[in-house]
Amino acid sequence: MGIRFVLLLFIGAAWISPAAAFQYAGENGKITFTGYLEEQAIYAFDKDSPEENPSSILGLEAKGGYSSWLSSKILLQAENDGKVIDPRNDKLFKQFDRIYQDKNPYVNIDEAYVDFYAGKVDGRFGVQKFAWGRLDEINPTDNLNTEDFSEGGTNDEIERKIGVPSLKVNGYSDIANIEIGWIPAYVPYRLPQPGERWFPSVLKPPDVIHTGALVGDIPVSTAYQDIGLPPGTAGNSELGARISKYTGGWDVSASYFTGYDPMPLMNALVDLKAEVKNPLALKYTTSADVTMVPEIHRMHVFG
């Protein structure tokens, strides 16, 4: 299968409004509300680049502190995404079991969790993002969150990370600190729809396969299948554990992760068809149907 690389030249402009804040304080604690509005527009110089309308993102965040042992946070992002050219899914929220989020407008649950504190132990339950390691971008030990590649990887890593429903527990001592993260069900990465600006060109087979005079040109049609997730059993859950210690100016840690590879993996299934038009004259037509099927593989990572 041929691999085609496309270079897009474009100008982008973005505007972000200052965050507004409002605080409510009562007898049982306080809640702080903040928000922001982001507008973005893209102009492409390449006429073959997919059309894209302006995009809008409204972020709303609420943080609550209810006692010395209980707090919460929720961050919702309502978005009108100009990159989505053919929305077919009418569900309001982005889904945790789909690669292709073909909806617009939509609401994304970026984070939504509750924190518990109990002396030298604290816990967090809900939709959250993990940050393991100190590297800014490619971090081989940071595998608990998959990423959203709808922007082609041009945005920051913390923005690409997909918050996952999970449980995290931290324990602190003079010897070392330990962090355990458990994800009951794998949440897949996200890709733009075929035909949108940031869809990976490496996943686009050629429209025609040129074989020469013997067979001629073979037209190719491509279908993209969404992911088939493993059954939601304890054996298919993901688990990470990290022991860390700050000593002598060094931040030292050892970690272990068992779960699924967070990077996009695809298998191309090709069905070649030959239709005989005239058996006596040996006239026939050929075509190829390619189905791109997502794959996930279990892995163990020591860091």
Tell me yes or no: between the side chains of His300 and Tyr256, is some donor less than 3.5 Å from an acceptor? yes

Would Val290 end up clustered with Leu203 when hydrophobic side chains under 4.5 Å apart are linked, directly or stepwise? yes

Taking Ile209 as the starting point, is it possible to reach Leu272 by hopping between hydrophobic residues whose side chains are less than 4.5 Å apart? yes

If you measure from the Lys or Arg side-chain nitrogens to the Asp or Glu carboxylate oxygens, is any gap between [X] and [Y] under 4.0 Å?
{"X": "Asp261", "Y": "Arg298", "result": "no"}
{"X": "Asp148", "Y": "Lys161", "result": "no"}
{"X": "Asp122", "Y": "Lys168", "result": "no"}
{"X": "Asp289", "Y": "Lys273", "result": "yes"}
{"X": "Glu151", "Y": "Lys83", "result": "yes"}
{"X": "Arg124", "Y": "Asp115", "result": "yes"}

Within a reach of under 6.0 Å around [atom1] of [X], are more than 12 heavy atoms found that belong to other residues, nucleotides or ligands?
{"X": "Asn267", "atom1": "CG", "value": "yes"}
{"X": "Tyr224", "atom1": "OH", "value": "yes"}
{"X": "Ile175", "atom1": "CD1", "value": "no"}
{"X": "Glu51", "atom1": "CD", "value": "no"}
{"X": "Lys129", "atom1": "NZ", "value": "yes"}

[X] side chain vs [Y] backbone, donor-acceptor pair below 3.5 Å:
{"X": "Glu79", "Y": "Leu58", "answer": "no"}
{"X": "Thr146", "Y": "Val187", "answer": "yes"}
{"X": "Arg190", "Y": "Gln95", "answer": "yes"}
{"X": "Lys245", "Y": "Asp174", "answer": "yes"}
{"X": "Asn145", "Y": "Arg160", "answer": "no"}

Could you go through Tyr36 and Gln77, starting from their C-alpha distance and side-chain angles, then the distance that decides it, and tell me whether this counts as side-chain hydrogen bond (donor to acceptor under 3.5 Å, both in side chains)? CA-CA 10 Å; Tyr36 65 89; Gln77 296 170 326; 3.1 Å; yes

For Asp226, the side chain to side chain donor-acceptor pair (under 3.5 Å) test, sequence neighbours excluded, returns none

Residues in side chain to side chain donor-acceptor pair (under 3.5 Å) contact with Ser71, at least two apart in sequence or another chain: Tyr117

Between Tyr24 and Phe22, does the ring centroid distance fall short of 6.0 Å? no

Starting from the C-alpha separation in whole Å, work towards a yes-or-no answer on side-chain hydrogen bond (donor to acceptor under 3.5 Å, both in side chains) for Tyr66 and Ser72. CA-CA 8 Å; Tyr66 311 105; Ser72 67; 2.7 Å; yes

Are Lys103 and Arg88 side-chain neighbours, meaning at least one heavy-atom pair lies under 4.5 Å? no

When you look at Trp182 and Ser166, which way does the side-chain hydrogen bond (donor to acceptor under 3.5 Å, both in side chains) test go after all the steps? CA-CA 6 Å; Trp182 178 59; Ser166 54; over 6 Å; no

Walk me through whether Gln225 and Thr291 qualify under side-chain hydrogen bond (donor to acceptor under 3.5 Å, both in side chains). CA-CA 7 Å; Gln225 180 177 311; Thr291 304; over 6 Å; no

So, applying side-chain contact (heavy atoms from CB on, under 4.5 Å) with Ser55, which one of Asn80, Val84, Asp81, Asn104 is it? Asp81

